Amino acid sequence: MSESDAEQEIFLKSNGREPINSSSASLAILTSILWGGTAVSISFSVDTLPPAAVSGIRFAMGTVFMYFWCRTRGSSISIKRSELFYPILLGFFLFAQIALCTWGIQLSNSLHATVLINSFIFWTFAIEHFITRDFHLKRSQLGGLVVAGMGILILLITAGTTEDTSKRDPATLSGDLILLLSGMLLGVKIVLTKKAVMQMNPDKVIFWHDVFGVILLAAWSLCFETVELKAFNTPAVLGLLYQGIVVAGFCFAMNAVLLTRHSASQLSAFNFLTPLCGIVLSILIRGDALSIWI
């Protein structure tokens with residue numbers, strides 16, 4: 001039995017509800033921090049490249065990463081017809097969520113994107129509490145979500161004010177609403193990923209959902225976008241490499257492994273670091289405005 005098969009067997013026995021230990025916590029914290037730089041790297045890429053093309057290239061690199069990841073771990077990526085449902089479904093969610101995220105960042109800025117994309121936590125908790133019953137919200141947790149929700153509402157109301165119009169990337173209400181929708185789709189996708197890795201090896205799930213997502217993103221870009229070679233300047237390329245290797249590759253792989261052991265709600269608790277790191281990076285690297293509302 002390979003290491004990945006052993007992990008899958010452990011998951012099926014534990015039903016993905018093991019307590020968080022120090023190694024899982026460290027890995028969850030690392031991936032959360034790395035995810036914090038995603039919106040900033042996307043901002044540099046969409047300065048010169050169209051959003052769907054950026055997303056497609058990002059996940060094409062992620063797919064290559066996952067291929068070698070699977071080979072290194074001894075995970076088979078051979079897929080049966082009976083296993084296609086979840087990879088195709090997740091590939092569609094990947095296409096929709098990532099395309100909306102990249103488009104929203106182009107219309108708004110990386111700072112607002114960092115906050116609004118992480119609204120997926122609301123949807124993850126809601127689905128696992130009310131629908132799948134995998135997690136029970138305590139009153140203190142519900143209160144925290146209400147306060148956080150009020151913060152997001154204030155952020156939407158203040159989008160496009162004169163407070164940040166002098167900056168490089170002023171926030172817009174249209175861009176923020178698109179980012180909020182992307183966050184909702186991400187929350188649903190995380191719960192679906194957990195269901196998928198209960199039935200398939202997580203490496204296989206992520207590899208094939210990347211493949212189908214890239215096909216959809218490439219088709220959309222070819223039909224509706226124009227990509228010029230001169231648009232691949234140094235900032236755009238560096239942004240693409242970060243998105244493709246670090247985020248779409250390493251972070252997605254680590255998240256899938258963690259989901260085999262712990263509930264999505266347990267892991268989501270560590271994601272408070274992502275918006276904090278993203279905010280700091282957006283201000284320091286991208287020069288986004290730090291308003292009182294942020």
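Because the structure is a prediction, the values reported are computed rather than measured. The residues of the chain are indexed from 1 along the displayed sequence. Just the heavy atoms: all of them, side chains too, but no hydrogens, waters or symmetry mates, feed the values below.
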Shortest non-hydrogen pair, A52 vs W220, comes out as CB-CD1, 3.6 Å
Could you measure the distance from the CD1 atom of I117 to the CD1 atom of I105? Nearest 0.5 Å is fine. 6.5 Å
Donor-acceptor pairs under 3.5 Å, side chain of residues 138-154 to any protein atom, not counting sequence neighbours: which ones?
from	atom 1	to	atom 2	distance (Å)
Q141	OE1	K138	N	2.8

Taking C-beta and beyond as the side chain, do L49 and V227 meet within less than 4.5 Å on heavy atoms? yes
Is V214 reachable from F250 through a run of I, L, V, M, F, W or Y residues, each pair having side-chain heavy atoms under 4.5 Å apart? yes
Same cluster or not: are V46 and V40 linked, directly or through other Ile, Leu, Val, Met, Phe, Trp or Tyr residues, by side-chain heavy atoms under 4.5 angstrom apart? no
Taking Y86 as the starting point, is it possible to reach I127 by hopping between hydrophobic residues whose side chains are less than 4.5 Å apart? yes
Are any of the side-chain heavy atoms of D210 and F65 separated by less than 4.5 Å? no
Minimum-distance pair of heavy atoms, taken over all atoms of E225 and A53: OE1-N, 2.9 Å
Side chain to side chain contact (heavy atoms under 4.5 Å, CB included) evaluation trace for S76 with N201: CA-CA 8 Å; S76 172; N201 181 285; over 6 Å; no
Name every donor-acceptor pair, under 3.5 Å, that has one atom in a side chain of residues 235-244 and the other anywhere in the protein, sequence neighbours excluded.
from	atom 1	to	atom 2	distance (Å)
Y242	OH	L34	O	2.5
Q243	NE2	S41	O	3.2
Q243	NE2	S45	OG	3.0
Q243	NE2	G239	O	2.9

Can you tell me if D288 and S110 form a side-chain donor-acceptor pair at under 3.5 Å? yes
Atom pairs and distances, donor-acceptor, side-chain atoms in residues 87-101, under 3.5 Å, two or more places apart:
from	atom 1	to	atom 2	distance (Å)
Q97	NE2	S182	OG	3.1

Of all the heavy-atom pairs spanning S32 and T274, show the shortest one and how long it is. O-OG1, 2.7 Å
Mind checking whether L216 and F59 have side chains closer than 4.5 Å, heavy atoms only? no
I need the full list of side-chain hydrogen bond (donor to acceptor under 3.5 Å, both in side chains) pairs touching residues 46-62, with sequence neighbours left out, sorted by first then second residue. D47-R168, D47-R286, S55-T102
To the nearest 0.5 angstrom, please state how far the CG atom of L181 sits from the CD1 atom of I178. 8.5 Å
Nearest 0.5 angstrom please: T124 OG1 to K189 NZ, how far? 11.0 Å
Using side-chain heavy atoms (C-beta onward) and a distance below 4.5 Å, is L186 in contact with W123? no
Given a cutoff of under 4.5 Å between side-chain heavy atoms of I, L, V, M, F, W and Y, with clusters grown through shared members, what are the other residues clustered with L222? none
Treat each ILVMFWY residue as a node, draw an edge where side-chain heavy atoms are under 4.5 Å apart, and state whether V280 and V115 are in one component. no
Salt bridge between E128 and K194, side-chain N to carboxylate O under 4.0 Å? no
Note, V64 side chain near F68 side chain (heavy atom, < 4.5 Å): yes
Quick check: does any side chain N or O of S221 sit under 3.5 Å from a backbone N or O of L217, one acting as donor and the other as acceptor? no
Side chain of W208, backbone of L84: donor and acceptor closer than 3.5 Å? no
OG of S82 to CE of M200, rounded to nearest 0.5 Å, is 8.5 Å
For a quick test of reading the model, state the closest non-hydrogen atom pair linking H262 to S24 and the distance between them. NE2-OG, 2.9 Å
With a 4.5 Å heavy-atom cut-off, do V247 and W35 have their side chains touching? yes
Heavy-atom pair with the smallest gap, counting every atom of C70 and D203: SG-CB, 3.5 Å
Roughly how far, to the nearest 0.5 Å, is the CG atom of L179 from the NE2 atom of H112? 9.5 Å
Can you measure from CD1 (I294) to CD1 (I279) and round to the nearest 0.5 angstrom? 5.5 Å
Between L173 and L177, is any pair of side-chain heavy atoms under 4.5 Å apart? yes
Just so I know, are the side chains of F207 and K204 near enough to count as touching, which here means a heavy-atom distance under 4.5 Å? no
Side chain T114, main chain P275, donor-acceptor under 3.5 Å: no
Could you walk me through whether I29 and I33 pass the side chain to side chain contact (heavy atoms under 4.5 Å, CB included) check? CA-CA 6 Å; I29 289 171; I33 292 173; 3.9 Å; yes
Would you confirm whether S282, through its side chain, and G278, through its main-chain N or O, come within 3.5 Å as a donor-acceptor pair? yes
Between the side chain of D169 and the main-chain N/O of N109, is any donor-acceptor distance below 3.5 Å? no
Y67, OH: over 12 other non-hydrogen atoms inside 6.0 angstrom: no
Those residues that, when tested against W69, pass ring pair (Phe, Tyr, Trp, His ring centres under 6.0 Å) (two or more places apart): none
Under 4.5 Å between side-chain heavy atoms, hopping through other hydrophobics if needed: is there a path connecting L290 to L116? yes
